[in-house]
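In what follows, a single structure is set out as structure tokens and then discussed.
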There are 2 protein chains.
Amino acid sequence: MDQCQSQSQMCPRFEKAVEILSKRWTSLIVFQLLSGPQRFVQIDHALPNLSGKVLSERLKELEQEGIVKRVVFPESPVRIEYSLTDKGRALAPIFVEIGKWSSEWLPVPE
Amino acid sequence: MDQCQSQSQMCPRFEKAVEILSKRWTSLIVFQLLSGPQRFVQIDHALPNLSGKVLSERLKELEQEGIVKRVVFPESPVRIEYSLTDKGRALAPIFVEIGKWSSEWLPVPE
DNA sequence: TATACTCAGTTACATTAAGTAACTAAATGA
DNA sequence: TCATTTAGTTACTTAATGTAACTGAGTATA
């Protein structure tokens, strides 16, 4: 009895990937960065309703996961650019599939 | 000036897809249902830490999106099965890509 | 030389979502 | 009879998000 009570039968790496991607805003931030390195305000403006507070939290998390890198250009004033690592760019095919699904199955808004 | 202030340049259907998939638990519930129709408690047991409360909320949302269907078998006692619609099964390639990414880029837990 | 504005955030506070645990009601099993 | 299963719901707590104002360094404008 109860052979599936206390532990998941799912692959922990798969679960981890889903956990990363399904945190609010994470996917959209990564998708936005797929178009190239960007500064904090650029990402912020590209994603309406995303607050600077959450953006800075997410960027830190994504940096820790090795998906995003933060590069400081010591100009004056200092310029900070966020971009995807190889690991981050490797997420692209997921977004391609999401794009396919959405254009096939979601209604076109009027 | 300010050409990207007040509206997103992202495709609204793509954004909607991300919104659906990145709601907590939604992806894992859909993934779980990819293995076939299942009853409420089966899904609940397969996904530890997912409470019955959130599961019932998510299943209703997914039903409204046309991703999941709820079928009542009028046996005694009544049996209720949740399964994916065509729209729901069409999400499979996304999970395939997530699986590929996770096995290539995430560390194997010890 | 004030004044305002930009950038890259942070802080305080309010609202919403999620987690926890107990409960329901009908049916079944020991 | 008492416990258990199923498919949830309800009440309450805790965690995550949203909102808005604020910093502090640098730059541009009047």
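In what follows, chains carry the letters A, B, and so on, assigned in the order in which the sequence lines appear, proteins first and then strands, with residues in each chain numbered from 1.
Residue S76(B) places at least one side-chain N or O closer than 4.0 Å to OP1 or OP2 of dT28(C). Remark: Y82(B) is not in phosphate contact with dT6(D), judged by side-chain N or O atoms under 4.0 Å from OP1 or OP2. Within the structure, a side-chain polar atom (N or O) of R39(A) is placed less than 4.0 Å from OP1 or OP2 of dA8(C). The phosphate of dG9(C) has OP1 or OP2 within less than 4.0 Å of a side-chain N or O from R70(A). A close approach under 4.0 Å does occur between a side-chain nitrogen or oxygen of K60(B) and OP1 or OP2 of dT9(D). For the OP1/OP2 pair of dT17(D) and a distance below 4.0 Å, the side-chain nitrogens and oxygens of R58(A) include at least one atom meeting the criterion.
Checking side-chain atoms of Q38(A) against main-chain N and O of Q32(A) turns up a donor-acceptor pair under 3.5 Å.
Taking atom CG on D44(A) and atom P on dA8(C), their separation rounds to 10 Å, with Å as the unit. Note: CD1 (I29(B)) to P (dG8(D)) measures 13 Å, nearest angstrom. Rounded to whole Å, the distance from CZ on R79(B) to P on dT28(C) is 14 Å. Rounded to whole angstrom, the span from the NE2 atom of H45(A) across to the P atom of dC5(C) amounts to 14 Å. When rounded to the nearest whole Å, the span between CD of E75(A) and C1' of dT27(D) equals 14 Å. Summarising the geometry, the separation between CD1 on I80(A) and C1' on dT10(C) is reported as 14 Å, rounded to the nearest angstrom. As a whole-Å value, the separation of Q38(A) CD from dA8(C) C1' is 15 Å. One atom, CZ of R24(A), and another, P of dA15(D), lie 18 Å apart when rounded to the nearest Å.
Between E57(A) and V78(A), the residue anchored nearer the 5' end of DNA chain D, judged by the nucleotide with its closest heavy atom, is E57(A).
The residue S51(A) sits close to a base: some heavy atom pair falls under 4.0 Å.
The side chain of W25(A) sits closest to dT17(D) out of dA7(D), dT10(C), dT17(D). Side-chain proximity of F40(A) to the nucleotides dT17(D), dA7(D), dA8(C) is greatest for dA8(C).
Heavy-atom neighbours of Q64(B) CD from other residues, nucleotides or ligands within 6.0 Å: at or below the threshold of 12.
A salt bridge links R58(A) to E61(A): at least one charged side-chain nitrogen sits closer than 4.0 Å to a carboxylate oxygen. Salt bridge annotation for K60(A)-E63(A): absent, with no cationic side-chain nitrogen under 4.0 angstrom from a carboxylate oxygen.
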Inset, instruction - Kindly determine whether I29(A) and V68(A) satisfy side-chain contact (heavy atoms from CB on, under 4.5 Å), including the steps that lead there. - result: CA-CA 10 Å; I29(A) 292 167; V68(A) 161; 5.5 Å; no
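A donor-acceptor contact under 3.5 Å is not formed by the side chain of K53(B) with the base of dG8(D).
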